[in-house]
Amino acid sequence: MGHIYNHTWIDIAARYKRMRGYEVYFPQGFDCHGLPTELKVEKELGVRKENREDFIDKCISWTEKAINRMSKQFDDIGYSTDWSLTYRTMDDDYMRLIQETLLEFYSKGILYRAKHPVLWCPRCETALAKAEVGYVECEGKLYHIDLLCEGHRLTIATTRPEMMPSCVAVFIHPDDDRYARYEGKKALLPIYGREVPIIADEAVEMEFGTGVVYLCTFGDEQDIAWQKKYRLPVIESIDSRGIMTGEAGKYAGLSILEARKEIAEDLIEDGHIRKIEKLTHSVLSHTERSSCKSPIELIPLYQWFINVKDYLKQVVESSQQMGWHPSYMLGRMIDWTETMDWPRDDVRVCSKCGAKKAVGVGDVADCWVDSSVTPLVISGWNRNDELFDKTYPVSLRPQGYEIIRTWAFYTIYRCMLLTGDKCFDELLINGMVAGPDGRKMSKSLGNVIEPEEPLEKYCADTIRQWAAGGTPGDDYPFSWEECDHSQRFLIKLWNISRFIMMHLEDYDGEEDVDLRDVDYWILSKLQVLVSECSVNLDKYVFNIPLTAIRSFLWHDFADNYLEMVKHRLYKPEIYGEDSRRAAQHTLKRVLETVLLLLSPYTPHISEEIWDTLVGGYCSLSSWPKADKSLISEDALAKGELLVEVISEIRRFKSEHQMSLGAELALVEIQADSISADKIKSIEPDIKATGRINELKTSVSDKVDGFGLRIK
RNA sequence: GGGCCCGUGGUCUAGACGGUUAUGACGCUGCCCUUACAAGGCAGAGGUCCUGAGUUCAAAUCUCAGCGGGCCCACCA
């Protein structure tokens, strides 16, 4: 439903801009590569990636199935993309362009290969981006292990005793009086009998565990920082499959968990363990965009890196040149550039390797490597200069807030470096779709709605109204009630149209008509509505115009105006042919304009009615302009008075359990002089709409506004 | 720990350049077949606009603090 949600937004924007006269370049892309796909295929089809060719085939067919399903959903909601422009990140042309951009980065030294501790998932056997990991809270044990220092016991605390073979130093806090005397000395590791330096550093948390921590290469990011800062050696005791290496001595060949168990037993047996505490802690795990959830390791490996840190200032500057909707989302981008951190490795690898045969890299690239060049792909960068000049920067980037730090960030970064220019004029940021219960959609909560279910139950224009109801940047729940209401609105619109069509059968389309106060009233309100819609749609605010259109059509137009002109339509012999024609003209004009306003939201029903009412396509017509000459303050005031008087009469009938069609013998209105003037001019409308036989209006200085006496 | 967003009748929600009676939906109550629509219409009940303080003639709206919720980031040897 998230895709239905934001693609409806994009489609409304595209349809609106077309009607405003823009030539809208509207391609749809599909993001295909990456770990999420691989994990899905492994899980659902039960295949492993040992057989690379077979695995890739399975990934491609799975992805194509997903694309077909999504494309059908988009077609089902009337998504007006130009399918001939569709791009897929797994297409050869697309991949070629990715490679070109990477080669350009390589030639500039921005892309480089280096050995560096990376976040590594032993289960998926791949390096992960920082954005792909998160912390999972779980139960663990904190082992207090005695080390020896000049005959004294120095007790460290660790949750990972199996990292002992990788220990290269022990750290204490410089202000910690308990351990001050050990600073600069050496500690002896049990089992391995190796001596490591004892170093004082501010980063040690004195309150945690024993206040003494051992540094292993690499247990966490702090270890990386310390290893670099103090130029300590690196000992790799865990390999890329999560198996202990030869450095682990007798534990070599064991898995991490097996080694943890055995080394702990040995330490206990030898009397080196002073205490084991239970501990709830957060373990860095493979959490994002994946169902893996395995704990991750920091393993030094040769990997390809792209230097973003040196260009953050430019990314921020580029982002500031764009319009963000809502504007505070720019702040999230800047926050990200300010807080992202990774100890930099300055190693650059020479490109002149002299290899005779190029061998593809076996690693799985971060999927953002593909998806962050889309503005270049669709604009024909390095392919078609004419197209590029016309379509770059992209006018509007729609996306969710959860991938500002990834999709938006990497896209702005790469396009800025490759083109020297910003890649978007504006960004429209949507929130997440929550379940009907208001909570995040998740399988475990059982509140997931797949698009097929509402699409089966409701028509596309109903789903689109639901989607248009969201606010930029805010999360938005899926709501069956909102769908019900939206569906009923369509029926209402249909019935209004039937009524109007019925009365337009003999309408000659004469424009030169003698409009009455009531006509000016509804036409005035219509002009206000048109400008309200334009102002908001220009800001990509969709919910406010839709609500305003629905309220106008349902309540002002149907509940009030239609009832107020029925007598003129049905009895021209009493009220005059020209009055009837004025009403016909107004009915047609209002409905036409409302159909144009609704067209971006509910294109299907709008076209259907438009075809009968006007002919042709309303989505190809021009967006209406508010005609200020039709706004009459006097008519607005008279119309509101008429609504109020009719409302009083309806209330009376309701209280007396009378039908609204029941006739009233006599109604007397007392009004102050200003209101009385206005009321007198709309007396025929009051009389006819209220089914009043005799209506008397008199001026009274005792009332404020007006009062009614009904018999 | 840092940042951002949010808190409005039973439920969901609009409004946030300060200014009549706070919007609408669902639900609820009563009534009514208006020569379009009962999948409709009319009328009605229901609110300390999270709490407190401040600015102001005036605060749902602005400021600060607190409480509660959400998201992102960081930390947890």
Side-chain angles (χ1 to χ4, degrees), chain A residues 130-131 134-135 137 140 142-143 145 156-161 163 167 170-171 203-205 207-216 219-223 226 279-284 326 328-336 338-341 400-405 431-432 434 436-440 469-471 473-477 479-482 484-503 543-544 547-548 550-551 554-555 558-559 562-563 566 569-571 646-662 689-691:
Chain A
K130 240 186 153 178
Y135 289 91
E137 194 151 285
L142 188 62
Y143 300 85
I145 304 171
I156 61 148
T158 181
T159 55
R160 301 198 60 184
M163 296 295 289
C167 176
V170 169
F171 279 80
V204 174
E205 215 172 294
E207 281 71 38
F208 189 89
T210 60
V212 189
V213 53
Y214 76 164
L215 158 58
C216 305
D220 60 29
E221 288 179 37
Q222 182 61 61
D223 292 343
W226 276 336
L279 172 81
T280 306
H281 63 153
S282 300
V283 177
L284 197 59
Y328 64 79
M329 290 295 177
L330 171 61
R332 295 201 183 175
M333 168 65 74
I334 293 171
D335 282 352
W336 171 244
E338 283 169 355
T339 57
M340 65 186 310
D341 188 36
Y401 64 65
E402 88 285 13
I403 48 176
I404 287 175
R405 68 189 175 122
M432 304 295 103
D437 55 359
R439 291 188 293 176
K440 195 173 175 173
T471 309
D474 286 347
D475 289 347
Y476 185 57
S479 161
W480 295 106
E481 291 79 12
E482 186 53 45
D484 283 337
H485 180 244
S486 297
Q487 185 101 334
R488 272 190 280 133
F489 170 74
L490 295 176
I491 295 165
K492 188 75 185 178
L493 170 63
W494 187 252
N495 283 313
I496 289 167
S497 306
R498 273 198 339 181
F499 173 83
I500 291 174
M501 240 77 98
M502 197 173 88
H503 289 286
N543 58 338
I544 291 171
T547 306
R550 294 201 293 201
S551 169
W554 203 317
H555 303 297
D559 293 344
L562 293 192
E563 295 302 328
K566 276 181 178 172
L569 293 167
Y570 284 113
K571 292 174 182 166
I646 298 296
S647 183
E648 283 289 326
I649 292 166
R650 284 170 171 167
R651 191 173 298 122
F652 176 87
K653 289 183 176 175
S654 177
E655 276 165 8
H656 292 78
Q657 305 194 358
M658 295 164 75
S659 136
L660 288 174
T689 310
R691 307 285 169 102

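For B:G52, the paired nucleotide is B:C64, the pair qualifying as Watson-Crick or G-U wobble because both relevant distances are below 3.5 Å. Using N1 to N3 plus N6-O4 or O6-N4 for Watson-Crick, or N1-O2 and O6-N3 for G-U wobble, each under 3.5 Å, B:A22 pairs with nothing. The pairing partner recorded for B:G1 is B:C73, the criterion being a Watson-Crick or G-U wobble arrangement whose two distances lie under 3.5 angstrom. Summarising the base pairing, B:A39 is matched to no nucleotide, lacking a Watson-Crick or G-U wobble pair whose two defining distances lie under 3.5 Å. In this structure, B:A45 makes no Watson-Crick or G-U wobble pair, since no nucleotide meets both defining distances under 3.5 angstrom.
Taking atom P in both B:A53 and B:C71, the straight-line distance is 32 Å, to the nearest Å. Annotation: B:C76 and B:U51 have their P atoms spaced 40 Å apart (nearest Å). Comparing the P positions of B:G66 and B:C75 gives an interatomic distance of 25 Å, to the nearest angstrom. If you take atom P in B:C42 and the same atom in B:G24, they sit 12 Å apart, rounded to whole Å. Using atom P as the reference point in both B:C49 and B:G2, the two lie 30 Å apart (nearest Å). One P atom belongs to B:C50, the other to B:U11, and the distance between them is 13 Å to the nearest Å. Nucleotides B:A43 and B:C4 are separated by 46 Å at their P atoms, to the nearest Å. Taking atom P in both B:G46 and B:A59, the straight-line distance is 24 Å, to the nearest Å.
The NE2-P distance, from A:His503 to B:U35, rounds to 10 Å in whole Å. Atom CG of A:Asp223 and atom P of B:A77 are 9 Å apart (whole Å). Between the CG atom of A:Asp220 and the C1' atom of B:C76 there is a distance of 9 Å, given to the nearest Å. Taking atom CG of residue A:Leu330 and atom C1' of nucleotide B:G3, one finds them 14 Å apart after rounding to whole Å. In this structure, A:Arg550 atom CZ and B:C26 atom C1' are separated by 13 Å, rounded to whole Å. Remark: P of B:U11 and CD of A:Glu481 are 14 Å apart, rounded to the nearest angstrom. In this structure, CE of A:Met432 is placed 15 Å from C1' of B:C6, rounded to the nearest angstrom. The OH-P distance, from A:Tyr143 to B:C76, rounds to 19 Å in whole Å.
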Any protein N or O atoms within reach of nucleotides 38-40 of chain B? Criterion: under 3.5 Å, listing atom names and distances.
unit_1: B:G40; atom_1: O3'; unit_2: A:Lys492; atom_2: NZ; d: 3.2

Just the atom pairs and distances: protein N or O near nucleotides 28-31 of chain B's N or O, under 3.5 Å.
unit_1: B:G30; atom_1: N2; unit_2: A:Ser654; atom_2: OG; d: 3.2

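Counting any heavy atom pair closer than 4.0 Å across all strands shown, A:Ala558 reaches a base atom. Within the nucleic acid shown, A:Phe171 has no heavy atom closer than 4.0 Å to any nucleic acid atom. When heavy atoms are screened at a 4.0 angstrom cut-off, A:Ser497 is found touching no nucleic acid atom at all.
Taking both residues in full, the closest heavy atoms of A:Tyr401 and A:Met432 are given as OH-CG, 3.6 Å, listed atom of the first, atom of the second, then distance. Residues A:Pro161 and A:Ile145 approach most closely at CB-CD1, 4.2 Å, considering heavy atoms. Minimum heavy-atom separation, A:Val204 to A:Val213: CG2-CG1, 4.1 Å. Considering all non-hydrogen atoms of both residues, A:Thr159 and A:Tyr143 come closest at O-CE1, 4.1 Å. Considering every non-hydrogen atom in both A:Asn543 and A:Thr471, the closest pair reads ND2-OG1, 3.4 Å.
Between A:Arg651 and B:G44 there is a side-chain polar atom (N or O) within less than 4.0 angstrom of OP1 or OP2.
Shown here are the ring pair (Phe, Tyr, Trp, His ring centres under 6.0 Å) partners of A:His555, two or more places apart in sequence or in another chain: there are none. Legend: residues meeting side chain to side chain contact (heavy atoms under 4.5 Å, CB included) with A:Phe489, ordered by chain and number and at least two apart, are A:Gln465, A:Arg550, A:Leu553, A:Trp554, A:Leu598. With sequence neighbours excluded, the residues forming a ring pair (Phe, Tyr, Trp, His ring centres under 6.0 Å) with A:Phe171 are A:Trp226, A:Tyr230, listed by chain and number.
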A correct 5'-to-3' footprint of nucleotides 12-24 of chain B, with B, S and - meaning base, sugar-phosphate only and no protein heavy atom under 4.0 Å, is --SS---------
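When side chains are defined from C-beta on, A:Asp220 does not count as touching A:Leu284, because their heavy atoms never get closer than 4.5 Å. Counting only heavy atoms from C-beta outward, the side chains of A:Glu648 and A:Phe652 never approach each other to under 4.5 Å. Annotation: side chain of A:Met329 is in contact with side chain of A:Ile404 (closest heavy-atom distance under 4.5 Å). Inter-residue side-chain proximity for A:Glu482 and A:His485 is flagged as met; some heavy-atom pair is nearer than 4.5 Å.
Both A:Val213 and A:Arg691 lie close to RNA chain B; mapped to their nearest nucleotides by heavy-atom distance, the more 5′-ward contact belongs to A:Arg691. Between A:Glu563 and A:Gln222, the one whose closest nucleotide on RNA chain B sits nearer the 5' end is A:Glu563.
Here A:Arg691 contributes atom CZ and A:Lys653 contributes atom NZ; the two are 7.0 Å apart, rounded to the nearest 0.5 Å. Taking CZ of A:Arg650 as the reference point, atom OG1 of A:Thr689 lies at 8.5 Å (rounded to 0.5 Å).
Side-chain proximity of A:Glu205 to the nucleotides B:C5, B:C75, B:C37 is greatest for B:C75. Taking the side chain of A:Phe208 as heavy atoms from C-beta on, and the options B:A77, B:C42, B:C71, the nearest nucleotide is B:A77.
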